There are 2 protein chains.
Amino acid sequence: MVAPHTPDPLLGLPGYALRRAANAMMSELAGLLAAIDLKISDASVLLLVQNRTDMTSSEIGKILDIQRANMVPLLARLETLGLIDRLPIDRKSQAIVLTQTGQTRLAQVQDITTRFEQDLMARIPAAHRPHFLPALHALTAKPAT
Amino acid sequence: MVAPHTPDPLLGLPGYALRRAANAMMSELAGLLAAIDLKISDASVLLLVQNRTDMTSSEIGKILDIQRANMVPLLARLETLGLIDRLPIDRKSQAIVLTQTGQTRLAQVQDITTRFEQDLMARIPAAHRPHFLPALHALTAKPAT
DNA sequence: TATTGTTATACTCTATAACTATA
DNA sequence: TATAGTTATAGAGTATAACAATA
(Lines give C-alpha, C1' and ligand atoms only; values in the text may rest on other atoms or scores of the structure.)
Protein backbone atom coordinates (compact mmCIF):
# COMPACT_ATOMS: atom_id res chain seq x y z
CA MET A 1 0.00 0.00 0.00
CA VAL A 2 1.51 3.29 -1.10
CA ALA A 3 0.34 6.82 -0.39
CA PRO A 4 -1.35 8.36 -3.41
CA HIS A 5 -0.59 11.81 -4.69
CA THR A 6 -4.23 12.76 -5.09
CA PRO A 7 -5.72 15.80 -3.41
CA ASP A 8 -7.66 14.55 -0.41
CA PRO A 9 -10.33 16.77 1.14
CA LEU A 10 -10.48 14.60 4.25
CA LEU A 11 -6.92 15.34 5.33
CA GLY A 12 -8.21 18.22 7.43
CA LEU A 13 -9.59 15.68 9.88
CA PRO A 14 -6.90 14.88 12.47
CA GLY A 15 -8.05 11.28 12.88
CA TYR A 16 -7.97 10.69 9.16
CA ALA A 17 -4.58 12.39 8.81
CA LEU A 18 -3.30 10.27 11.68
CA ARG A 19 -4.37 7.07 9.98
CA ARG A 20 -2.84 8.13 6.67
CA ALA A 21 0.47 9.07 8.25
CA ALA A 22 0.57 5.79 10.17
CA ASN A 23 -0.23 3.75 7.05
CA ALA A 24 2.43 5.49 4.99
CA MET A 25 4.97 5.02 7.76
CA MET A 26 4.07 1.35 8.25
CA SER A 27 4.39 0.39 4.61
CA GLU A 28 7.69 2.22 4.30
CA LEU A 29 9.12 0.56 7.40
CA ALA A 30 7.78 -2.83 6.33
CA GLY A 31 9.70 -2.41 3.09
CA LEU A 32 12.93 -1.65 4.93
CA LEU A 33 12.56 -4.59 7.31
CA ALA A 34 11.75 -6.97 4.46
CA ALA A 35 15.41 -6.64 3.46
CA ILE A 36 16.32 -8.62 6.59
CA ASP A 37 13.31 -10.95 6.30
CA LEU A 38 11.38 -9.49 9.23
CA LYS A 39 7.93 -8.06 9.64
CA ILE A 40 7.23 -5.08 11.85
CA SER A 41 5.75 -7.32 14.54
CA ASP A 42 8.86 -9.54 14.42
CA ALA A 43 11.12 -6.53 14.85
CA SER A 44 8.98 -5.23 17.72
CA VAL A 45 9.44 -8.49 19.59
CA LEU A 46 13.21 -8.47 19.08
CA LEU A 47 13.43 -4.88 20.30
CA LEU A 48 11.23 -5.65 23.27
CA VAL A 49 13.02 -8.73 24.61
CA GLN A 50 16.56 -7.40 24.21
CA ASN A 51 18.59 -7.55 27.43
CA ARG A 52 15.82 -9.46 29.17
CA THR A 53 15.46 -13.07 30.15
CA ASP A 54 12.11 -12.85 31.90
CA MET A 55 9.59 -11.92 29.21
CA THR A 56 6.90 -14.49 28.55
CA SER A 57 4.82 -14.75 25.41
CA SER A 58 1.80 -13.44 27.30
CA GLU A 59 3.66 -10.41 28.61
CA ILE A 60 5.01 -9.55 25.18
CA GLY A 61 1.50 -9.79 23.82
CA LYS A 62 0.11 -7.52 26.49
CA ILE A 63 2.70 -4.84 25.81
CA LEU A 64 2.54 -5.02 22.03
CA ASP A 65 -1.24 -5.46 22.02
CA ILE A 66 -1.14 -8.87 20.34
CA GLN A 67 -3.50 -11.62 21.50
CA ARG A 68 -1.95 -14.62 23.27
CA ALA A 69 -3.24 -16.87 20.51
CA ASN A 70 -1.64 -14.74 17.81
CA MET A 71 1.72 -14.77 19.54
CA VAL A 72 2.02 -18.48 18.84
CA PRO A 73 2.68 -18.36 15.08
CA LEU A 74 4.72 -15.17 15.49
CA LEU A 75 7.12 -16.74 18.00
CA ALA A 76 7.14 -20.02 16.11
CA ARG A 77 8.41 -18.14 13.08
CA LEU A 78 11.12 -16.36 15.07
CA GLU A 79 12.13 -19.69 16.55
CA THR A 80 12.27 -21.33 13.12
CA LEU A 81 14.48 -18.46 11.97
CA GLY A 82 16.74 -19.25 14.93
CA LEU A 83 16.32 -15.78 16.41
CA ILE A 84 14.75 -16.65 19.75
CA ASP A 85 14.97 -19.41 22.29
CA ARG A 86 12.61 -20.46 25.06
CA LEU A 87 13.89 -20.83 28.60
CA PRO A 88 11.62 -22.50 31.16
CA ILE A 89 10.66 -20.21 34.05
CA ASP A 90 8.51 -22.82 35.78
CA ARG A 91 6.60 -25.75 34.38
CA LYS A 92 3.97 -23.40 32.96
CA SER A 93 5.82 -20.33 31.66
CA GLN A 94 8.81 -19.83 29.45
CA ALA A 95 11.01 -16.81 28.88
CA ILE A 96 11.55 -15.63 25.31
CA VAL A 97 15.21 -14.76 24.84
CA LEU A 98 17.38 -13.81 21.89
CA THR A 99 19.81 -16.35 20.47
CA GLN A 100 23.22 -15.23 19.22
CA THR A 101 21.72 -15.04 15.74
CA GLY A 102 18.86 -13.08 17.26
CA GLN A 103 21.26 -10.56 18.76
CA THR A 104 22.93 -10.08 15.40
CA ARG A 105 19.57 -9.60 13.72
CA LEU A 106 18.54 -7.21 16.45
CA ALA A 107 21.57 -5.07 15.65
CA GLN A 108 20.37 -4.86 12.06
CA VAL A 109 16.89 -3.98 13.25
CA GLN A 110 18.35 -1.19 15.34
CA ASP A 111 20.35 0.11 12.39
CA ILE A 112 17.25 0.21 10.23
CA THR A 113 14.85 1.61 12.80
CA THR A 114 17.24 4.22 14.16
CA ARG A 115 17.88 5.57 10.71
CA PHE A 116 14.20 5.36 9.85
CA GLU A 117 13.03 7.16 12.96
CA GLN A 118 15.56 9.90 12.34
CA ASP A 119 14.35 10.19 8.76
CA LEU A 120 10.76 10.42 9.94
CA MET A 121 11.50 13.21 12.37
CA ALA A 122 13.62 15.02 9.78
CA ARG A 123 10.57 15.27 7.51
CA ILE A 124 8.72 17.27 10.12
CA PRO A 125 9.55 20.99 10.00
CA ALA A 126 11.72 21.89 12.96
CA ALA A 127 9.09 24.12 14.53
CA HIS A 128 6.66 21.23 14.83
CA ARG A 129 9.15 18.46 15.55
CA PRO A 130 9.50 18.63 19.36
CA HIS A 131 5.71 18.56 19.73
CA PHE A 132 5.10 15.40 17.77
CA LEU A 133 5.92 12.62 20.23
CA PRO A 134 4.24 14.33 23.19
CA ALA A 135 1.09 14.80 21.11
CA LEU A 136 1.07 11.13 20.10
CA HIS A 137 1.56 10.04 23.69
CA ALA A 138 -1.31 12.25 24.79
CA LEU A 139 -3.53 10.48 22.27
CA THR A 140 -2.36 6.99 23.17
CA ALA A 141 -2.85 7.46 26.90
CA LYS A 142 -6.60 7.33 26.73
CA PRO A 143 -8.75 9.11 29.34
CA ALA A 144 -10.55 7.15 32.07
CA THR A 145 -12.10 4.32 30.06
CA MET B 1 -8.41 -4.03 19.86
CA VAL B 2 -8.02 -1.83 22.89
CA ALA B 3 -4.97 0.08 24.08
CA PRO B 4 -3.32 -1.68 27.02
CA HIS B 5 -2.19 0.07 30.14
CA THR B 6 1.16 -1.65 30.25
CA PRO B 7 4.44 0.27 30.33
CA ASP B 8 5.89 0.09 26.86
CA PRO B 9 9.62 0.74 26.31
CA LEU B 10 9.11 1.12 22.56
CA LEU B 11 6.94 4.21 22.84
CA GLY B 12 10.04 6.37 22.51
CA LEU B 13 10.17 5.44 18.84
CA PRO B 14 8.11 7.94 16.84
CA GLY B 15 7.02 5.37 14.27
CA TYR B 16 5.87 2.98 16.95
CA ALA B 17 4.09 5.73 18.86
CA LEU B 18 2.43 6.82 15.63
CA ARG B 19 1.10 3.34 14.99
CA ARG B 20 -0.16 2.99 18.54
CA ALA B 21 -1.93 6.34 18.47
CA ALA B 22 -3.51 5.53 15.11
CA ASN B 23 -4.69 2.10 16.31
CA ALA B 24 -6.21 3.51 19.48
CA MET B 25 -7.93 6.24 17.50
CA MET B 26 -9.23 3.82 14.89
CA SER B 27 -10.76 1.39 17.34
CA GLU B 28 -12.40 4.20 19.26
CA LEU B 29 -13.86 5.77 16.13
CA ALA B 30 -14.97 2.38 14.83
CA GLY B 31 -16.91 1.91 18.05
CA LEU B 32 -18.66 5.26 17.64
CA LEU B 33 -19.56 4.62 14.01
CA ALA B 34 -20.86 1.15 14.80
CA ALA B 35 -23.79 2.90 16.51
CA ILE B 36 -25.01 3.98 13.07
CA ASP B 37 -24.02 0.69 11.40
CA LEU B 38 -21.07 2.09 9.48
CA LYS B 39 -17.41 1.21 9.25
CA ILE B 40 -14.69 3.81 9.02
CA SER B 41 -14.28 3.16 5.30
CA ASP B 42 -18.03 3.53 4.78
CA ALA B 43 -18.02 6.86 6.58
CA SER B 44 -14.99 8.02 4.58
CA VAL B 45 -16.84 7.38 1.33
CA LEU B 46 -19.94 9.27 2.49
CA LEU B 47 -17.81 12.22 3.58
CA LEU B 48 -15.91 12.17 0.30
CA VAL B 49 -18.80 12.09 -2.15
CA GLN B 50 -20.94 14.70 -0.40
CA ASN B 51 -21.99 17.56 -2.66
CA ARG B 52 -20.54 15.81 -5.67
CA THR B 53 -22.10 13.98 -8.56
CA ASP B 54 -18.97 13.17 -10.50
CA MET B 55 -16.97 10.79 -8.32
CA THR B 56 -16.42 7.34 -9.76
CA SER B 57 -15.57 4.24 -7.79
CA SER B 58 -12.03 4.34 -9.17
CA GLU B 59 -11.51 7.95 -8.15
CA ILE B 60 -12.80 7.33 -4.64
CA GLY B 61 -10.43 4.41 -4.37
CA LYS B 62 -7.46 6.48 -5.53
CA ILE B 63 -8.14 9.18 -2.97
CA LEU B 64 -8.88 6.86 -0.06
CA ASP B 65 -6.14 4.44 -1.06
CA ILE B 66 -8.50 1.53 -1.58
CA GLN B 67 -7.95 -0.83 -4.52
CA ARG B 68 -10.52 -0.78 -7.32
CA ALA B 69 -11.34 -4.40 -6.60
CA ASN B 70 -11.95 -3.71 -2.93
CA MET B 71 -14.29 -0.83 -3.67
CA VAL B 72 -16.79 -3.28 -5.14
CA PRO B 73 -18.02 -4.94 -1.91
CA LEU B 74 -17.74 -1.62 -0.05
CA LEU B 75 -20.02 0.22 -2.48
CA ALA B 76 -22.31 -2.79 -2.80
CA ARG B 77 -22.86 -2.62 0.94
CA LEU B 78 -23.59 1.11 0.89
CA GLU B 79 -25.99 0.52 -1.98
CA THR B 80 -27.75 -2.31 -0.11
CA LEU B 81 -28.09 0.04 2.86
CA GLY B 82 -29.73 2.51 0.48
CA LEU B 83 -27.12 5.17 1.15
CA ILE B 84 -25.69 5.61 -2.34
CA ASP B 85 -26.92 5.49 -5.88
CA ARG B 86 -25.08 5.07 -9.16
CA LEU B 87 -25.60 7.54 -11.98
CA PRO B 88 -24.25 6.67 -15.43
CA ILE B 89 -21.59 9.10 -16.68
CA ASP B 90 -21.06 7.24 -19.93
CA ARG B 91 -21.46 3.57 -20.77
CA LYS B 92 -18.30 2.75 -18.88
CA SER B 93 -18.29 4.93 -15.76
CA GLN B 94 -20.83 5.73 -13.11
CA ALA B 95 -20.97 8.47 -10.51
CA ILE B 96 -21.44 7.50 -6.88
CA VAL B 97 -23.95 9.87 -5.28
CA LEU B 98 -25.72 10.02 -1.94
CA THR B 99 -29.39 9.10 -1.74
CA GLN B 100 -31.71 11.04 0.58
CA THR B 101 -31.12 8.34 3.18
CA GLY B 102 -27.41 8.70 2.50
CA GLN B 103 -27.58 12.45 3.17
CA THR B 104 -29.31 11.80 6.48
CA ARG B 105 -26.72 9.23 7.45
CA LEU B 106 -23.96 11.60 6.37
CA ALA B 107 -25.32 14.18 8.81
CA GLN B 108 -24.97 11.59 11.59
CA VAL B 109 -21.45 10.79 10.43
CA GLN B 110 -20.60 14.48 10.61
CA ASP B 111 -22.04 14.76 14.10
CA ILE B 112 -19.94 11.82 15.27
CA THR B 113 -16.72 12.71 13.51
CA THR B 114 -16.83 16.40 14.35
CA ARG B 115 -17.28 15.65 18.02
CA PHE B 116 -14.66 12.93 17.85
CA GLU B 117 -12.06 15.06 16.12
CA GLN B 118 -12.61 17.81 18.67
CA ASP B 119 -12.23 15.28 21.47
CA LEU B 120 -9.00 14.03 19.92
CA MET B 121 -7.48 17.47 19.69
CA ALA B 122 -8.64 18.32 23.19
CA ARG B 123 -6.55 15.46 24.57
CA ILE B 124 -3.40 17.04 23.20
CA PRO B 125 -1.94 19.68 25.56
CA ALA B 126 -2.54 23.13 24.11
CA ALA B 127 1.14 23.82 23.56
CA HIS B 128 1.46 20.85 21.23
CA ARG B 129 -1.95 21.05 19.60
CA PRO B 130 -1.37 23.45 16.69
CA HIS B 131 1.68 21.45 15.61
CA PHE B 132 -0.05 18.11 15.28
CA LEU B 133 -1.81 18.31 11.91
CA PRO B 134 1.11 20.02 10.15
CA ALA B 135 3.45 17.32 11.45
CA LEU B 136 1.16 14.56 10.21
CA HIS B 137 0.87 16.21 6.81
CA ALA B 138 4.62 16.49 6.59
CA LEU B 139 4.86 12.74 7.17
CA THR B 140 2.10 11.83 4.74
CA ALA B 141 3.50 13.91 1.90
CA LYS B 142 6.38 11.60 1.17
CA PRO B 143 9.61 12.94 -0.36
CA ALA B 144 10.53 12.18 -3.98
CA THR B 145 10.01 8.41 -4.11
C1' DT C 1 -9.55 -20.00 40.56
C1' DA C 2 -6.64 -17.67 37.47
C1' DT C 3 -3.07 -17.95 34.14
C1' DT C 4 0.07 -19.98 30.33
C1' DG C 5 0.51 -21.81 26.15
C1' DT C 6 -1.88 -23.79 22.64
C1' DT C 7 -5.32 -25.30 18.79
C1' DA C 8 -8.82 -24.27 15.81
C1' DT C 9 -11.43 -21.13 13.51
C1' DA C 10 -13.50 -17.04 11.54
C1' DC C 11 -13.68 -12.47 10.07
C1' DT C 12 -11.85 -8.26 8.18
C1' DC C 13 -8.67 -5.86 5.39
C1' DT C 14 -5.71 -5.83 1.74
C1' DA C 15 -3.32 -7.41 -2.60
C1' DT C 16 -3.02 -9.52 -7.31
C1' DA C 17 -4.39 -11.35 -11.55
C1' DA C 18 -7.51 -11.66 -15.08
C1' DC C 19 -11.66 -10.70 -17.71
C1' DT C 20 -15.27 -7.54 -20.34
C1' DA C 21 -16.78 -3.61 -22.07
C1' DT C 22 -15.99 0.80 -23.22
C1' DA C 23 -13.09 5.27 -23.85
C1' DT D 1 -4.08 1.27 -25.86
C1' DA D 2 -5.69 2.61 -21.56
C1' DT D 3 -9.37 2.72 -18.24
C1' DA D 4 -13.82 1.32 -15.40
C1' DG D 5 -15.96 -2.07 -13.19
C1' DT D 6 -15.95 -6.58 -11.89
C1' DT D 7 -14.81 -11.54 -10.32
C1' DA D 8 -12.12 -14.67 -7.92
C1' DT D 9 -8.73 -15.58 -4.84
C1' DA D 10 -4.98 -15.37 -1.59
C1' DG D 11 -2.60 -13.51 2.13
C1' DA D 12 -2.07 -10.85 6.13
C1' DG D 13 -3.74 -9.34 10.68
C1' DT D 14 -6.86 -9.84 14.21
C1' DA D 15 -10.63 -11.89 17.22
C1' DT D 16 -13.02 -15.55 20.01
C1' DA D 17 -13.73 -19.90 22.17
C1' DA D 18 -12.06 -23.76 24.21
C1' DC D 19 -8.75 -26.99 26.21
C1' DA D 20 -4.86 -29.09 29.18
C1' DA D 21 -1.42 -28.22 32.37
C1' DT D 22 0.12 -25.57 35.99
C1' DA D 23 0.31 -21.54 39.35
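To find a chain, count down the sequence lines: A is the first, B the second, and so on, and within it residues start at 1. These numbers were taken from a predicted model, which means no experiment stands behind them.
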Asks: Between C/dT14, D/dA4, C/dA23, which nucleotide gets closest to the side-chain atoms of B/Asp90?
Replies: C/dA23

Asks: Select one nucleotide: of D/dA8, C/dA18, C/dG5, the one nearest the side-chain heavy atoms of A/Ser58.
Replies: C/dG5

Asks: Taking only the side-chain nitrogens and oxygens of A/Gln67, find out if one of them lies under 4.0 Å from OP1 or OP2 of D/dT14.
Replies: no

Asks: Using the side-chain heavy atoms of B/Val72, tell me which of these nucleotides is nearest: C/dA8, D/dT6, C/dG5.
Replies: D/dT6

Asks: Nearest 0.5 Å please: distance from the CG atom of A/Leu75 over to the CG atom of A/Leu83.
Replies: 11.0 Å

Asks: I want to verify a distance call: between C/dT22, C/dA2, C/dT16, whose nearest atom is closest to the A/Lys92 side chain?
Replies: C/dA2

Asks: In whole Å, what is the span from the CE atom of B/Met71 to the C1' atom of C/dT14?
Replies: 14 Å

Asks: Starting at atom CD1 of B/Ile96, determine the distance to atom C1' of D/dA4, rounded to an integer number of angstrom.
Replies: 11 Å

Asks: If you assign A/Arg68 and A/Arg19 each to the DNA chain C nucleotide with the nearest heavy atom, which residue ends up on the more 5' nucleotide?
Replies: A/Arg68

Asks: Would you mind classifying the nucleic acid contact of B/Arg91 as base, sugar-phosphate or nothing, using non-hydrogen atoms under 4.0 angstrom?
Replies: sugar-phosphate

Asks: Output the rounded distance in Å from CG (B/Leu74) to P (D/dG5).
Replies: 14 Å

Asks: What's A/Ser41 touching, base or sugar-phosphate or nothing? Going by heavy atoms closer than 4.0 Å.
Replies: nothing

Asks: Might you point out which heavy atoms bring A/Phe132 and A/Met121 nearest each other, and give the distance in Å?
Replies: CD2-SD, 4.2 Å

Asks: Whole angstrom is fine here: how far is it from CE in A/Met26 over to C1' in C/dA15?
Replies: 16 Å

Asks: Could you say whether A/Ser93 or A/Lys39 is positioned toward the 5' end of DNA chain D, judged by the nucleotide with the nearest heavy atom to each?
Replies: A/Lys39

Asks: Evaluate the side-chain contact (heavy atoms from CB on, under 4.5 Å) criterion for residues A/Arg86 and A/Ile96: first the C-alpha distance (whole Å), next the side-chain angles of each, then the deciding distance (0.1 Å), finally the verdict.
Replies: CA-CA 5 Å; A/Arg86 306 178 197 245; A/Ile96 306 300; 4.1 Å; yes

Asks: What is the distance from CG of A/Leu87 to P of C/dG5, rounded to the nearest Å?
Replies: 12 Å

Asks: From the set C/dA17, C/dG5, D/dG5, return the single nucleotide nearest to any side-chain atom of B/Ser57.
Replies: D/dG5

Asks: About how many Å separate CD1 of A/Ile63 and CG of A/Leu48, when rounded to the nearest 0.5 Å?
Replies: 5.0 Å

Asks: Which residue, A/Ala95 or A/Asn70, contacts DNA chain C at a nucleotide closer to its 5' end, judged by nearest heavy atom?
Replies: A/Ala95

Asks: Between B/Gln94 (CD) and C/dA21 (P), how many Å, whole number?
Replies: 15 Å

Asks: Between A/Leu38 (CG) and D/dG13 (P), how many Å, whole number?
Replies: 12 Å

Asks: Taking the side chain from B/Ser27 and the backbone from B/Ala24, do they hold a donor-acceptor pair closer than 3.5 Å?
Replies: yes

Asks: Without decimals, in angstroms, what is the distance between B/Arg20 CZ and D/dG13 C1'?
Replies: 15 Å

